[in-house]
Amino acid sequence: MVNTEVYISGLMLENPIIPASGTFGYGREFAELYDINILGSIALKGTTMKRRYGNEGPRIAECERGMLNSIGLQNPGVDAVTDEEIPALSEVFTKKVIANVCGFSIEEYALCAEKISRSDKVGIIEVNISCPNVSGGGMAFGTSPEAAGEVTKAVKAVSKKPVYMKLSPNVTDIAAIAKACEKAGADGLSLINTLAGMRVDIKKRKPVLTNKSGGLSGPAIFPIALKMVHDTAKAVNIPVMGIGGISRASEVLEMIMAGAHAVQIGTANLIDPWVCRKIIEELPALMERSGIDDLDGIRGAAWKKQ
Amino acid sequence: MVNTEVYISGLMLENPIIPASGTFGYGREFAELYDINILGSIALKGTTMKRRYGNEGPRIAECERGMLNSIGLQNPGVDAVTDEEIPALSEVFTKKVIANVCGFSIEEYALCAEKISRSDKVGIIEVNISCPNVSGGGMAFGTSPEAAGEVTKAVKAVSKKPVYMKLSPNVTDIAAIAKACEKAGADGLSLINTLAGMRVDIKKRKPVLTNKSGGLSGPAIFPIALKMVHDTAKAVNIPVMGIGGISRASEVLEMIMAGAHAVQIGTANLIDPWVCRKIIEELPALMERSGIDDLDGIRGAAWKKQ
Amino acid sequence: MKQQDYEVIENRLIAKNTYEMKLMGNTGEIKRPGQFINLEVKGFFLKRPFSICYRTREYICIVYKIAGGGTEAMSSMAVGEKLSVLCPLGNGYDMEDCCSLLLRKSSSLLIAGGGTGTAPLYGLAKEMLKKGIKPKVILGFGSKDEVFYEENFRDIASDVTVVTEDGSLGEKGLVTDIMSGDEYVFACGPTSMLKAVWEKSAGGQFGFESRMGCGFGACMGCSCKTTGGSKRICREGPILKREEILW
Amino acid sequence: MKQQDYEVIENRLIAKNTYEMKLMGNTGEIKRPGQFINLEVKGFFLKRPFSICYRTREYICIVYKIAGGGTEAMSSMAVGEKLSVLCPLGNGYDMEDCCSLLLRKSSSLLIAGGGTGTAPLYGLAKEMLKKGIKPKVILGFGSKDEVFYEENFRDIASDVTVVTEDGSLGEKGLVTDIMSGDEYVFACGPTSMLKAVWEKSAGGQFGFESRMGCGFGACMGCSCKTTGGSKRICREGPILKREEILW
Ligand SMILES: Cc1cc2nc3c(=O)[nH]c(=O)nc-3n(C[C@H](O)[C@H](O)[C@H](O)COP(=O)(O)OP(=O)(O)OC[C@H]3O[C@@H](n4cnc5c(N)ncnc54)[C@H](O)[C@@H]3O)c2cc1C
Ligand SMILES: Cc1cc2nc3c(=O)[nH]c(=O)nc-3n(C[C@H](O)[C@H](O)[C@H](O)COP(=O)(O)OP(=O)(O)OC[C@H]3O[C@@H](n4cnc5c(N)ncnc54)[C@H](O)[C@@H]3O)c2cc1C
Ligand SMILES: Cc1cc2nc3c(=O)[nH]c(=O)nc-3n(C[C@H](O)[C@H](O)[C@H](O)COP(=O)(O)O)c2cc1C
Ligand SMILES: Cc1cc2nc3c(=O)[nH]c(=O)nc-3n(C[C@H](O)[C@H](O)[C@H](O)COP(=O)(O)O)c2cc1C
Ligand code: FES
Ligand code: FES
């Protein structure tokens, strides 16, 4: 029997499979489809202080093996999330969740994280400093080591839970930003968020998305995500959640060999709502076939001296 | 009758279709397949002062709708290119070509560009400051505005032909680097080169590529390339060649609407050796169906006020 | 909602660039006319949403128009091909909602379709017939060669009017040109038509389209603003009540 | 080189994880045994290279082993499926090259195959037979259940030896165990086997594999270093002469 357990910052996950923020709502839609208790954990939709509608539509565009989204952080606001969404989720999901927060100022990040971290249900706070779809917030904090460090410090100062900084791939040196977060006290890192992208409607001669550009996600970005997870995991001593383009058990193992502690599955949930269950079912068999007893044994194998 | 002509830095191209550097060799293999004189121009394989074998193999890895390469600038050296390859190509291709140069120091860039720019066959010098597959060269010069500006200046000082700087997408702000090149005298810009990426062989528990990482190209990267071309074309007043993931006539129009003057087709040539011919054949019909008389009329339509 | 393989048992051109496709498979969970399916087209990343035109015990019928690469590929699918489909999705038309109004003034019940928006209304009309409800039907198309299902509607409804924008069939004009303005309308069609119908109607339910990431409520890609806050077209829609709609 | 659609006319398991596939289509341009094709597998980006095992006027035969996703997908391809194929690629075995050696000492001509590397050597042996050349044949496999084409070879060659690493069929051991060391060898197989054969041979031609981007010389993905500078396995290869090879 292989062991799929992974330990991250106080949470012992039954398996490393976590649906990614923004692609699993607050779990409700998926709980209708399968028993979501099989999941390692769930990363909740990005939450801001106030309720947000997000950007005007169209906010989805199709790409080759991927998609652009420019949702712009639609969410009911932190109070509704803590008072309604999390309690509702608790009825169908018994494990701890990862709360994802975003803000338009360092203060908002801290306020939002503090509030949501009070929930018993929340095991980890994931701080999105990498949303490419809102101006004046999100990614603005994730593209310089200094700003990333400042957000980290502010959130760490108030959060009652371990803090993971969610990093943007739209940078020259992701490892440098990762190190700044680590230095500022981050307990872990989540990466990658989406890559800035665009499609043009040649009939209308303007961008498909009303927001003009959006974030690219899905299988197309997997090799980019894997390289960034590799570079980051090598550079820091805190856990890394590998995110980006994963849709198969073999890609979970690639991510862990690149140095990830656990993984998050995003867009794949939209294409196949049962994909996380499939991966969780396939993983042990694949591990067995590959001679892997437990995931700790292969973490970083792609770069660690054997 | 629609007009597919585009003018870039002294060259009037019959159409905007140019095979990208490194995916068309020195044209010879394709000249066996079709009359390559239908092409707008050809961007030659990256050339360095000295002959290079490149990186150890495997140096190709498959990805979803894309591939990684870690060739590492295999080329016969500038003398062989000017004395043998260019004359040989001249026998089957009557138009001017774009010579692509790379170096490991600013001096080498300048020397190489100076030499190759003496060839009458060369219409434009494309300076690759974005190769992710060589250490100490290539991308090192393309990730900071200062270094990019310095290479530009050095090459401009000696080149007898217009100079296009080929930019890396592995940066936080490509428009800033573009502006630095423009300020340093660049006549135009080519973008994007490949995105840094990786795949791990889970059986061997190590990267598929001997070089560990490689450059991601192909349809997967098109939305990223389009966004960068859009951002860059908006920011500068020199022509931009749109490169990255193009494999269809409609994507050529997307690129031009994003602001490109001409486009380069890379990886698609490897997957379908006749793809440039197909695109050249399809383009006029697509333009007609879309009510486009000439390409100058739609350039930048995605962001220009109408 | 289930994900299942459906088999193409018919796929034929019924009007200009417009096809009728019958998909054999489970239809038991479909609750209401106006619900839709999300259909995987090989080689395309996102599934394509199509209204269920009508369903029988054995198959689902959809009517689609070539709009881009995905529908283009669908048009050359052969009988026997298997397609992965998410079904059923969305809320569908609520036939109860109009009952009170209906009881008062049954003559003012209208089905108003525009272009391919006509498709789900055919299934709705069939269901209404079963319940003994007899709505007026107005179908609007661009021109004669785009018209489809006219006969199908005439077979089940007594009062069917077809209008075309260029007058090549039926009266020349728009659906709204022959609305009286006091109707409760079941509408589906292009946004501009929906808006015009909305303005001229007393009440009703309107079928919307939106670019979708998932089709089942997970991504917020399809959201729109309504009087009751933001709603997901794929889940709280695609059918919105007249009073919910914000333009 | 042409790109054409070939039709699968046979696709059957002939040994453990090993399939023989016959592809109907143009075979007229194939010049030499040892050339290869590059075959598009739907859903995978890069084409997959396979040696031509042999060809007739109507079809090409390839033998492939499941190695990953692409070959896995191939194994379930049905008769009638159309595949886009680049053909022919590479140089192939040069049967003239050995002639001088052959005239002096014909007994020392050897065909040495390992695993699926055996496939192109079967086509080579057939061609040699046509020319009246009768090489010795040694085929090496891991174990009995991986052996294929033994009978095919016996039908056309008089001196065929099969060895297996575990001794489950024929002699236990490696191809090199029963080489005398003075042979001119036509070899194909895994790198470790090629190297061993190279060391023990007097001359010969060796078939190599390499990850390929294009298969026709455009990308430099497949390059390897040789005594004559760098060569592209897809163009100046996949067959290299003994004296060119650098390990
Ligand atoms: C609830 C719903 C029901 C629909 N019912 C029908 C129907 O019964 N008959 C019919 O012909 N069409 C219907 N449509 C529109 C249909 O989904 C699009 O025409 C189709 O997706 C276009 O795909 P494509 O690949 O041909 O076009 P492309 O433009 O190449 O598609 C690119 C992307 O945009 C999306 N897209 C493009 N146009 C639309 C659109 N109008 N609405 C939503 N997404 C779009 C596609 O799904 C895809 O993700 C419906 C749409 C929705 C949301
Ligand atoms: C000239 C040549 C002739 C060949 N002839 C045969 C043959 O006759 N029979 C046979 O069974 N195999 C042959 N191979 C190997 C065959 O190409 C690979 O086994 C096959 O590409 C694996 O594809 P996959 O999708 O199953 O594996 P994956 O590992 O999933 O493939 C991923 C990528 O790596 C490449 N790749 C993987 N293994 C190899 C390999 N060994 N050599 C080259 N590329 C590889 C694939 O082409 C693909 O691009 C030959 C290879 C070359 C270069
Ligand atoms: C529709 C959509 C909405 C998303 N919303 C959020 C969000 O609210 N917060 C966040 O941190 N990331 C968000 N993301 C990013 C994903 O969590 C993930 O980092 C990214 O999509 C890459 O993973 P993937 O390729 O598996 O989707 C969103 C992604 C998508 C596609
Ligand atoms: C095999 C290969 C070799 C390449 N070699 C070079 C090179 O020598 N110089 C260069 O500037 N770009 C090189 N490139 C980058 C391409 O020119 C192009 O910028 C990139 O591949 C993106 O375009 P595409 O997606 O159309 O391939 C190479 C790309 C590939 C795939
Ligand atoms: S399409 Fe994803 S929520 Fe509606
Ligand atoms: S595979 Fe491209 S040059 Fe050989």
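Everything quoted here is computed from the prediction, not taken from an experiment. Every chain is numbered from 1 and lettered A, B, ... according to where its sequence line falls, protein lines coming before strand lines.
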**OP:** Walk me through it: do D:R211 and B:V208 pass the test side-chain contact (heavy atoms from CB on, under 4.5 Å)?
**Re:** CA-CA 10 Å; D:R211 303 252 167 173; B:V208 170; 4.0 Å; yes

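Remark: B:E56 CD to D:K225 NZ distance equals 4.5 Å, nearest 0.5 Å. Atom CD1 of B:I60 is separated from atom SG of D:C214 by 8.0 Å, given to the nearest 0.5 angstrom. Taking OG from B:S217 and CZ from D:F45, the interatomic distance works out to 6.5 Å, rounded to the nearest 0.5 Å.
Heavy-atom neighbours of D:K200 NZ from other residues, nucleotides or ligands within 6.0 Å: above the threshold of 12.
Heavy-atom pairs under 4.5 Å with chain D peak, among B:R65, B:K203, B:R51, B:K45, at B:R65. Considering only heavy-atom pairs separated by less than 4.5 Å from chain D, the leading option among B:G57, B:G22, B:G25, B:A220 is B:G22.
For D:Y149, the ring-ring contact (aromatic ring centres under 6.0 Å, His included) criterion is met by D:Y122, not counting sequence neighbours.
For B:D272, the parts lying under 4.5 angstrom from a heavy atom of chain D are both the backbone and the side chain. Of the atoms belonging to B:P273, heavy atoms from both backbone and side chain fall under 4.5 Å from chain D. Within the 4.5 angstrom heavy-atom criterion, only backbone atoms of D:M212 (N, CA, C, O) approach chain B.
Formation of a donor-acceptor pair under 3.5 Å by the B:Y53 side chain with backbone atoms of D:S223 is found in this model. With hydrogens and angles disregarded, a donor-acceptor distance shorter than 3.5 Å links the side chain of B:R59 to the backbone of D:M220.
Put simply, the side chain of D:R235 reaches to within 4.5 Å of the side chain of B:E29, judged on heavy atoms.
Between D:G213 and B:M67 the shortest heavy-atom distance is CA-CE, 4.5 Å.
Electrostatic pairing of B:E62 and D:R48 counts as a salt bridge here, judged by a charged N lying under 4.0 Å from a carboxylate O.
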